[in-house]
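This report refers to the structure that appears directly beneath it.
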Amino acid sequence: MVASSSDLPPVGRPVFAGQGTTIFSIMSALAVQYGAINLGQGFPDEDGPPAIRRAAAEVLLRGPNQYPPMRGVIELRRAIANHAQQFYGLVFDPETQVLVTSGATEALAASLAGLTAPGDEVVLIEPAYDSYRPVAELVGTAVRSLRLEPPYWRVTEEALNAALSPRTKLLVINTPLNPVGRVFDAEELSAIANAVQRTGAYIVCDEVYEHLVFDGRRHMPLMTMPDLMERTVRVGSAGKMFSLTGWKVGWVSGPARLIDLIAKAHQFLTFTTPPALQLGIAHGFSHEMAFPVALTAVLQGNRDLLCTGLSEIGFAVVPSEGTYFLTADISGLTNEPDHVFCERLTREAGVATIPLSAFFSGGGPDHFIRFAFCKKRSVIEEALSRLRTYFSKSPSDRTVP
Ligand code: PMP
Ligand code: GLN
């Protein structure tokens, strides 16, 4: 006889079983359901350079198509090392100090798994990307939050002092910061450097948006601060650099001692990443670095268009210094919590966004929403036009468009 599921023992671990679907998938599904413009999930709606895609396609046909080396094809590891030297003067040995992963997501998971032991304390800066906490909990660490405060979302010495202690094994930082578009400045980076020097923590820097910084700013890897090289790894993503987010090619670089530990986790997580995609991205590093520069200029224009349009409608826009995203305070338009407002906008105005509270554990501010502007200008114009029409109606007349 087949047992009904109610006869079976409980299954699953609370860290995953107790979670819903990620907010990005939820809002993208709602966008499809209601025919809404998707300014929620952060993916560009135009694919990156054809030459990169062609290079990968040629490898798919010609080979190699079998397992590449566990740490990544050497062409890509060399390209990642050259890029770090060219942009930041950071010197990595491609043999021992660079590891290719299946997206930044895997680089972050392998770093959390490889650099901590159960019971270690990990500090996350909130708002935080949604994958950090579940993985940190999965590997048995005790997670503490350092909360940035709206509307400026600055890292302060006081907040660092309150969150970090000699018990902190690992600090995860993300700059440029998804979802609020902050690019940590020299003062904030020095505060972080001082705090980790004082307490002895290691640092994982999620720098997936390293090229997407606006208004002539420069992204500065924390690792370039004096004496941090030995305790820091930095994580990158080809998806963000070359508008190929579905490829899931990422990397982590840092001192050999830490990369060895991360590689040990990586070898049992994914072992490796499709060789054609790795070689396509290696081609991108050598021939297509003009792409992220041009993309940044386009994104900056999109940001400005969205910022002006949203401000005219009544959103209090928070300046975005980098990434694909900007956030806006919705208190001038509604008393609803952010997720209720986002669902209503998707359903009734035909524009999908992301509630910022999804980036906080245990209840964060619930009056901000995130807009992605890595979309065609015409798509942003259409979204603004829908929002303008929607908010120009009296509340009782706002129905499905
Ligand atoms: N970190 C941040 C801050 C992100 O926004 C993302 C999302 N794309 C990732 C990591 C994951 O990158 P990837 O798609 O390369 O896994
Ligand atoms: N990084 C993307 C964002 O913040 C989403 C990635 C995902 O869907 N997991 O929107």
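Counting starts at 1 for both ligands and their atoms, in listed order.
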task = Examine Lys240 against ligand 2 and note whether any of their N/O atoms are separated by less than 3.5 Å.
result = no

message = So, regarding Phe24 and ligand 2 (criterion: nitrogen or oxygen to nitrogen or oxygen, under 3.5 Å), is there a contact or not?
response = no

Distance under 4.0 Å to a non-hydrogen atom of [X]: what atoms of ligand 1 satisfy this?
X: Gly103; value: 15 (O), 16 (O)
X: Asn178; value: 3 (C), 4 (C), 5 (O)
X: Asn174; value: 3 (C)

Note the single closest protein heavy atom to [atom], along with its residue, its atom name and the distance in Å.
atom: atom 8 (N) of ligand 1; value: Lys240 NZ, 2.1 Å
atom: atom 11 (C) of ligand 1; value: Thr105 OG1, 3.3 Å
atom: atom 6 (C) of ligand 2; value: Tyr129 OH, 3.2 Å
atom: atom 14 (O) of ligand 1; value: Lys248 NZ, 3.2 Å
atom: atom 8 (O) of ligand 2; value: Gln41 NE2, 2.7 Å
atom: atom 1 (N) of ligand 1; value: Asp206 OD2, 2.6 Å

Heteroatom distance test ([X], ligand 1): nitrogen or oxygen, under 3.5 angstrom:
X: Ser237; result: yes
X: Thr245; result: no
X: Ala104; result: yes

query = Phe360 vs Trp153 aromatic rings, parallel, tilted or perpendicular, using cut-offs 30° and 60°?
reply = tilted

task = Using the six-membered ring wherever Trp is involved, compare the ring planes of Phe87 and His83 and label them parallel, tilted or perpendicular (cut-offs 30° and 60°).
result = tilted

task = Validate the cation-pi geometry between Arg303 and Phe373: distance from NZ or CZ to the six-membered ring centre under 6.0 Å, angle to the ring axis within 45°.
result = no

inquiry  = Whether Lys375 engages the ring of Phe43 as a cation-pi pair (distance to the six-membered ring centre under 6.0 angstrom, angle to the ring normal within 45°) should be assessed.
reply    = yes

ask   = So which heavy atom on Arg154 is nearest to which on Arg182, and how close?
value = CA-NH1, 3.4 Å

task = Measure the shortest side-chain to side-chain distance between Thr270 and Thr101 over non-hydrogen atoms and say whether it is less than 4.5 angstrom.
result = no

ask   = Heavy-atom distance under 4.5 Å between the side chains of Leu384 and Leu310, does that happen here?
value = yes

ask   = Does a donor on one side chain and an acceptor on the other come within less than 3.5 Å for Thr199 and Ser165?
value = no

request  = Establish, from distance only, whether the side-chain atoms of Thr323 and Asn178 form a donor-acceptor pair under 3.5 Å.
outcome  = no

Looking at ligand 2, would [X] count as a contact under a 4.0 Å heavy-atom criterion?
X: Tyr324; answer: no
X: Phe43; answer: no
X: Thr22; answer: no

query = So Phe315 and Leu326, side-chain contact (heavy atoms from CB on, under 4.5 Å) or not? Walk me through it.
reply = CA-CA 11 Å; Phe315 289 92; Leu326 67 72; over 6 Å; no

task = Return yes when Tyr209 approaches ligand 1 closer than 4.0 angstrom through a heavy atom, no otherwise.
result = yes

query = Of all the heavy atoms in Glu106, does at least one lie under 4.0 Å from an atom in ligand 1?
reply = no

query = Can you check whether Val183's main-chain N or O pairs, donor with acceptor, with Glu321's side chain at less than 3.5 Å?
reply = yes

request  = Measure from the side-chain N and O atoms of Thr175 to the backbone N and O of Leu177, and report whether any donor-acceptor pair falls under 3.5 Å.
outcome  = no

inquiry  = For Thr327, run the side-chain contact (heavy atoms from CB on, under 4.5 Å) check against Ile369, Ile354, Leu356 and tell me which one passes.
reply    = Leu356

task = Select one of side chain, backbone, both or neither to describe which atoms of Met27 lie under 4.0 Å from any atom of ligand 2, heavy atoms only.
result = neither

Numbered atoms of ligand 2 (with element) below 4.0 Å of Phe325, judged on heavy atoms = 3 (C), 4 (O), 10 (O)

